[in-house]
Amino acid sequence: MDTWDYSAFWNEAMNQFSKELSAQEYSMWFNIEYDSASQDSITVRVPSAFYKDQLTKTYQSAIESKLFELSGKKILIEFIIVKPESLEAPTKPDGNAIGNSQKPVAKGTELKEKSITPKTRERHHQLNRRYTFENYIIGENNSFAANAAMAIASNPGTAYNPFLIYGDVGLGKTHLMQAIGNRAWNLDTQPKIICISAEDFTNDFIQSIHGKNMPSFKNRYRSVDILLIDDIHFFENKEGSQEELFHTFNALYDGNKQMVFTCDRPASELKNLSDRLRSRFERGLNVDLSPPNYETRYAILKKMAETQKIDIPAEVFEVIALNISTNIRDLEAALIKLSAYAKLVGMKITLEVAQQQLKDVFSQTKHGNITIDNIIRTVSDAYKLSANDLKGKKRTRSIVMPRQIAMYIAREITEYSTTELGLEFGGRDHTTVMHSCQKIDAQLKLDPTLETKIQKLIQTIKQISIKG
Ligand code: ADP
Ligand code: MG
């Protein structure tokens, strides 16, 4: 084997220097990158010969002793010059560029033969290329899980084993698990990875029994460096698969191989699972993903639109983020629907288009703490009236219409009955509420601008209700 990975020591050494040196000194001189390693050296990429000289003079021995402290091994540093504009394709080093005068010549030669282009492997057929950390927005709902995932991806099998991500549908479990796979796939160690759903694992298991291929099945799953299994709740009531996974787990665990699982609930709630397998899942680190808040939803939509090259104005992100708070899959579905519509009819996506196209989606989602008070306050503010005007008995035209609009909105976006609404609006009869809603319905047909006005009001009401 000639693959050596000292990147963890390197990263830790850099981490410590960043704390020990001034920010200015660190950012000035540590503009350097781990490239590769041999048994007793690390090759580091630097942007110019000048850097190389300065680093050799000033920092090389400090870096080497730090690495010695961390690893207990004597690891030498070799600098290689890679011009910043071509970090991917380093220039051929001149005579002095590799190694330095203190190093034996043989070492320099050895390095020259090595490919210094970062190795990218052919893509892994089970990993979705879109599911990367770069495409994953971190918010308060997922930052713990995401940070743990990144740590695991850089050093699989060393900490947090197994790693179990749980949470409701559409909150980003699969994405996060595959992001670990995608990042680890390009590690210098070139780990062997299997990424599979619990369902496919089960099918594979059943087929192997039928085809009498169990030895190869066992070998396949027990020889990986990283095993990623999605939706392990599927294993409930599948005793055979559970049994097989239990043994696979033990083999991988003992070999310090990384395992990552996702589940739609905490492992403790997997009732139809053997106790011993459940207790295996509960080892290591279990973290949950919760629904994202408004700011995170907004950021996710923006990121998705960017990645998918969908041209959408900010106010549309706003209205979607306000109206869809259930999960990220629903956000994505809304975006895809809009984009498909816009393409089909050859239109730009505007606020009006969004409100029109997503009307049904919006009305299905629950709006938690919308109160009649919020509605009355928002509508009366918009028409420069007081809340008491809307609740009171005055029948002047400037009051009647906003009052009817408030009732109409309350009927549209809350679960209150007309009787309850009548009481909330100053003790009116339920027929008054019904009449008001009919009036507005009729008015909507006559006045095309009214719809937009009402939608704007609804948006404000939800904003107040969601942001608290
Ligand atoms: P789960 O597995 O929990 O049901 P997924 O991982 O399939 O959810 O996520 C649903 C969709 O939302 C995917 O398209 C995924 O890329 C996207 N997604 C989830 N979380 C994020 C996030 N934090 N940032 C960006 N996109 C996300
Ligand atoms: Mg999933």
Side-chain angles (χ1 to χ4, degrees), residues 123-124 126-153 162-185 193-203 227-236 259-267 269-270 281 285-310 312 316-318 320-321 323-340 358 361 365:
R123 71 175 277 258
H124 190 297
Q126 291 168 323
L127 295 170
N128 184 329
R129 259 188 291 194
R130 215 164 50 76
Y131 291 163
T132 60
F133 287 120
E134 288 70 29
N135 287 341
Y136 199 77
I137 298 287
I138 299 183
E140 54 172 2
N141 62 312
N142 60 20
S143 68
F144 181 40
N147 281 305
M150 286 191 268
I152 288 167
F163 180 45
L164 173 70
I165 310 162
Y166 66 90
D168 277 340
V169 65
L171 292 180
K173 303 181 294 293
T174 300
H175 187 138
L176 200 53
M177 184 181 83
Q178 294 214 10
I180 297 177
N182 272 315
R183 179 160 295 175
W185 184 243
I193 300 178
I194 287 186
C195 175
I196 195 163
S197 66
E199 185 170 2
D200 286 345
F201 179 92
T202 301
N203 291 337
L227 178 62
L228 310 170
I229 303 187
D230 210 3
D231 295 330
I232 56 163
H233 44 269
F234 185 85
F235 287 128
E236 282 198 303
M259 287 170 279
V260 181
F261 305 108
T262 74
C263 189
D264 67 357
R265 68 204 93 147
E269 286 174 24
L270 292 169
F281 289 142
L285 181 65
N286 290 205
V287 290
D288 70 323
L289 292 178
S290 45
N293 64 14
Y294 170 79
E295 285 75 17
T296 311
R297 295 200 295 276
Y298 186 100
I300 290 173
L301 282 166
K302 205 159 164 260
K303 182 81 196 176
M304 282 176 174
E306 263 168 40
T307 332
Q308 298 175 32
K309 301 200 169 59
I310 306 172
I312 289 193
V316 174
F317 291 137
E318 250 167 55
I320 301 177
N323 281 283
I324 301 181
S325 52
T326 41
N327 67 52
I328 299 157
R329 186 165 301 163
D330 290 348
L331 288 177
E332 191 175 35
L335 205 63
I336 289 171
K337 183 170 180 195
L338 270 188
S339 144
L358 299 176
V361 185
T365 55

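Whatever order the structure lists ligands and atoms in, that order sets their numbers, starting from 1. Values reported hereafter were calculated over all heavy atoms of this structure, with side chains retained and with hydrogens, waters and symmetry mates removed.
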Mind checking whether F201 and F235 have ring centres under 6.0 Å apart?
yes
Do N147 side-chain atoms and S143 backbone N/O form a donor-acceptor pair below 3.5 Å?
yes
Inter-residue atom distance H233.NE2 - L270.CG, 0.5 Å rounding:
8.5 Å
Protein-derived N, O or S atoms sitting under 2.8 Å away from the Mg ion (ligand 2) total 1
Identity and separation of the nearest protein heavy atom to atom 7 (O) of ligand 1:
R329 NH2, 2.9 Å
Verdict with supporting geometry, N182 and T132, side-chain hydrogen bond (donor to acceptor under 3.5 Å, both in side chains)
CA-CA 6 Å; N182 272 315; T132 60; over 6 Å; no
Checking a contact table here: which protein heavy atom is nearest atom 21 (C) of ligand 1, and how many Å away?
Y136 CE1, 3.7 Å
Ligand 1 to G170 polar contact by distance, N or O atoms, under 3.5 Å
yes
Treating K173 as the side-chain partner and D168 as the backbone partner, does any N or O pair qualify as donor plus acceptor under 3.5 Å?
yes
closest protein heavy atom to atom 20 (N) of ligand 1 is I328 CD1, 3.3 Å
Heavy atoms only, cut-off 4.0 Å: how does K303 contact ligand 1, side chain, backbone, both, or neither?
neither
Please walk me through it: do D231 and S197 pass side chain to side chain contact (heavy atoms under 4.5 Å, CB included)?
CA-CA 6 Å; D231 295 330; S197 66; 5.5 Å; no
Does M304 have a non-hydrogen atom less than 4.0 Å from ligand 1?
yes
Heavy-atom nearest neighbour of atom 16 (O) of ligand 1 within options H175, E332, Q178:
H175
N142 neighbourhood, listing ligand 1 atoms whose heavy-atom distance to it stays under 4.0 Å
23 (N)
Identify the closest protein heavy atom to atom 8 (O) of ligand 1: which residue and atom is it, and at what distance?
G172 N, 3.0 Å
Here's a test for you: under side-chain contact (heavy atoms from CB on, under 4.5 Å), which of T174, L176, D288, N142 qualifies with I165?
L176
M150 and I138: CA distance, side-chain angles, deciding distance, side chain to side chain contact (heavy atoms under 4.5 Å, CB included) verdict:
CA-CA 12 Å; M150 286 191 268; I138 299 183; 3.6 Å; yes
Do the side chains of E134 and R183 get close enough for a salt bridge, i.e. N-O under 4.0 angstrom?
yes
Heavy-atom contacts under 4.0 Å between T174 and ligand 1: side chain, backbone, both, or neither?
both
What residue and heavy atom of the protein are closest to atom 25 (C) of ligand 1, and at what distance?
N135 O, 3.2 Å
With rounding to the nearest 0.5 Å, note down the distance linking CD1 in I229 to CD in E199.
13.0 Å
Worked check of side chain to side chain contact (heavy atoms under 4.5 Å, CB included) between R297 and I324
CA-CA 9 Å; R297 295 200 295 276; I324 301 181; 5.8 Å; no
If you scan protein heavy atoms around atom 24 (N) of ligand 1, the nearest is I137 N, 2.9 Å
Work out which heavy atom in L358 is nearest to a heavy atom in K337; give both atom names and the distance.
CD2-CD, 4.1 Å
